[in-house]
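Have a look at the structure below, then the notes.
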2 protein chains.
Amino acid sequence: MAKIDLTRDAIVERALAIADAETLDAVTIRRLGQEFGVTPMALYWHVKNKDELLDAMGDALFADLSYDVGPDAPWDEQLAAVVRALIAALRRHPGSRELAYRRVMVSRDGLAVAEHTLRLLREAGFTRRQTADIATHALQTAIMLVSSEPGSEPGYSADETAARLAEKRAGIERLPVDDYPYVREMAPDMFACDDPEGFYEFNVHLFVAGARVTLAELQTAQAPA
Amino acid sequence: MAKIDLTRDAIVERALAIADAETLDAVTIRRLGQEFGVTPMALYWHVKNKDELLDAMGDALFADLSYDVGPDAPWDEQLAAVVRALIAALRRHPGSRELAYRRVMVSRDGLAVAEHTLRLLREAGFTRRQTADIATHALQTAIMLVSSEPGSEPGYSADETAARLAEKRAGIERLPVDDYPYVREMAPDMFACDDPEGFYEFNVHLFVAGARVTLAELQTAQAPA
DNA sequence: ACCTGAACACCGTTCAAGT
DNA sequence: ACCTGAACACCGTTCAAGT
């Protein structure tokens, strides 16, 4: 039974758990109060308001990132490591993944990945603008992959997800065969994924390959042999 | 003054406008009723519930896509055209961009792009799994780029965005110079963008380049000369 | 066919008050 | 220092009733 007492950390942890089990919409001040056996207003002692709670949840996403493969590794491997680390972190709290945006350039751990990523791209030879774009893109890619792992319906609980997916599949079944041959053929792959690790690895590869080629193009343009 | 009468289309249009001007959270049944000079309950005659309204808004995002560069164009150009078309469409209604996920494989226009994209990838030589992944990734990339155009704070109104950005910049100013040299150097590029078209083009290029290289790797692996 | 009134079960938040 | 009671301005939704 061990009642957990109301602290800021406990609140954030509980909030993350609710978001994962249900939805981000399901984490409300009132609900949290209820779960701690306390009135809603009690939370306001520990947290300024809901927005600050969401910020704190966002900060938690960046905890325990391990992206350091050493400064001697090629930059593209370093970049891949960053994206993998972000994906791993976000998969721990998929329900709160979108909160990562707002805290990368703010929280301590967020700034640490940012610094690391910006450095490796800059030293690889990208311009300032490109470095900013790719670094942003890296985080976005991670969020997006966790959002789009086939079979996930962003913003819905487990039950609703199942219902909506079933409806989508049924809708596609009803489609005229001649007009949508590829949609029909690919539907199973669009709605399910028996190998999530493979899904993530393929997409990380795609992302890093894009950056690699782009840099190569840049350098041959600048210094044609 | 010309009062617009309450129809399903008018409601959806108004909802999209509110989301763009403010936030998706700002579109509520009650608010819409108010704007049409009608009680909230009146909307339920035209729309089953809020979820259906959001679905309808999502459908609208896929209207007027022009991604057809002809079947003779190389597949990578066709893919670039799809991503550009999606970006253009989402930029018309940035406030509702996330609603695109749920309707790609459902709405008529969504299914049309899906069919087109799946076909071009499949014919280019990707496996079924890869085709599904890249097609999903294409939409996600578009959504994500519109979300992350430097200087945008997803989920906040214009005023709030300005406030949060200012706070972020100030936070970075306060950072120890020695610990975060790259974050400090790159901050202007992370928080603003004087050339959005360039931003989008660079990232589309990155995405397509990744796909191109990945396919090339695949083919040399399958058929080593 | 289309809209309203009244009601219910929810939100976040403030502020004075309790211990 | 930490929590509560009462209150306010919001949500989505149902359902019987009006025209």
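Remember, predicted model here, so these are calculated numbers, not experimental data. The sequence lines fix the lettering, A, B, ..., with proteins before strands; numbering per chain opens at 1.
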Quiz item: Does a side-chain N-to-carboxylate-O contact under 4.0 Å join B:Arg184 and B:Asp178?
Solution: no
Quiz item: Which residues pass the side-chain contact (heavy atoms from CB on, under 4.5 Å) test with B:Ala10, sequence neighbours left out?
Solution: B:Ile4, B:Thr7, B:Phe36
Quiz item: When you check the phosphate oxygens OP1 and OP2 of D:dA1, does a side-chain N or O of A:His46 lie under 4.0 Å from one of them?
Solution: no
Quiz prompt | Atom-to-atom span, CG of B:Leu32 to C1' of C:dC3 - whole angstrom | solution = 16 Å
Quiz prompt | Closest approach of A:Leu121 to A:Ala135 (non-hydrogen atoms, all atoms of both residues) | solution = CD1-N, 3.8 Å
Quiz item: Taking atom C1' of C:dC11 as reference, at what distance in whole Å does atom CG of A:Leu24 sit?
Solution: 15 Å
Self-check item: Any donor-acceptor N or O pair under 3.5 Å, side chains B:Asp25, B:Tyr156
Solution: no
Quiz item: Taking all atoms of both residues into account, what is the closest heavy-atom pair of A:Val27 and A:Lys50, and its distance?
Solution: O-NZ, 3.1 Å
Quiz item: Between atom CG in B:Asp25 and atom C1' in D:dC10, what is the gap in whole Å?
Solution: 13 Å
Quiz item: Of all heavy-atom pairs between A:Phe199 and A:Cys193, which one has the smallest distance, and what is that distance?
Solution: CB-SG, 3.8 Å
Self-check item: Dot-bracket encoding of pairs in DNA chain C, which uses [ ] for pseudoknotted crossings and | for another strand, Watson-Crick or G-U under 3.5 angstrom
Solution: ||.|||||...|||||.||
Quiz prompt | Distance-only side-chain donor-acceptor flag, B:Tyr101 / B:Gln140, under 3.5 Å | solution = yes
Exercise. Could you tell me whether B:Glu22 and B:Arg31 have a side-chain N and a carboxylate O separated by less than 4.0 Å?
Key: yes
Taking N or O atoms only and anything under 3.5 Å, show me the protein contacts with nucleotides 12-19 of chain C, one pair per line.
from: C:dG12; atom 1: OP1; to: A:Ile29; atom 2: N; distance (Å): 3.0
from: C:dG12; atom 1: OP1; to: A:Lys50; atom 2: NZ; distance (Å): 3.3
from: C:dG12; atom 1: OP2; to: A:Ile29; atom 2: N; distance (Å): 3.0
from: C:dG12; atom 1: OP2; to: A:Arg30; atom 2: N; distance (Å): 3.3
from: C:dG12; atom 1: N7; to: A:Arg30; atom 2: NH1; distance (Å): 2.4
from: C:dG12; atom 1: O6; to: A:Arg30; atom 2: NH1; distance (Å): 3.0
from: C:dT13; atom 1: OP2; to: A:Tyr44; atom 2: OH; distance (Å): 3.0
from: C:dT13; atom 1: OP2; to: A:Lys50; atom 2: N; distance (Å): 2.9
from: C:dT13; atom 1: O5'; to: A:Tyr44; atom 2: OH; distance (Å): 3.4

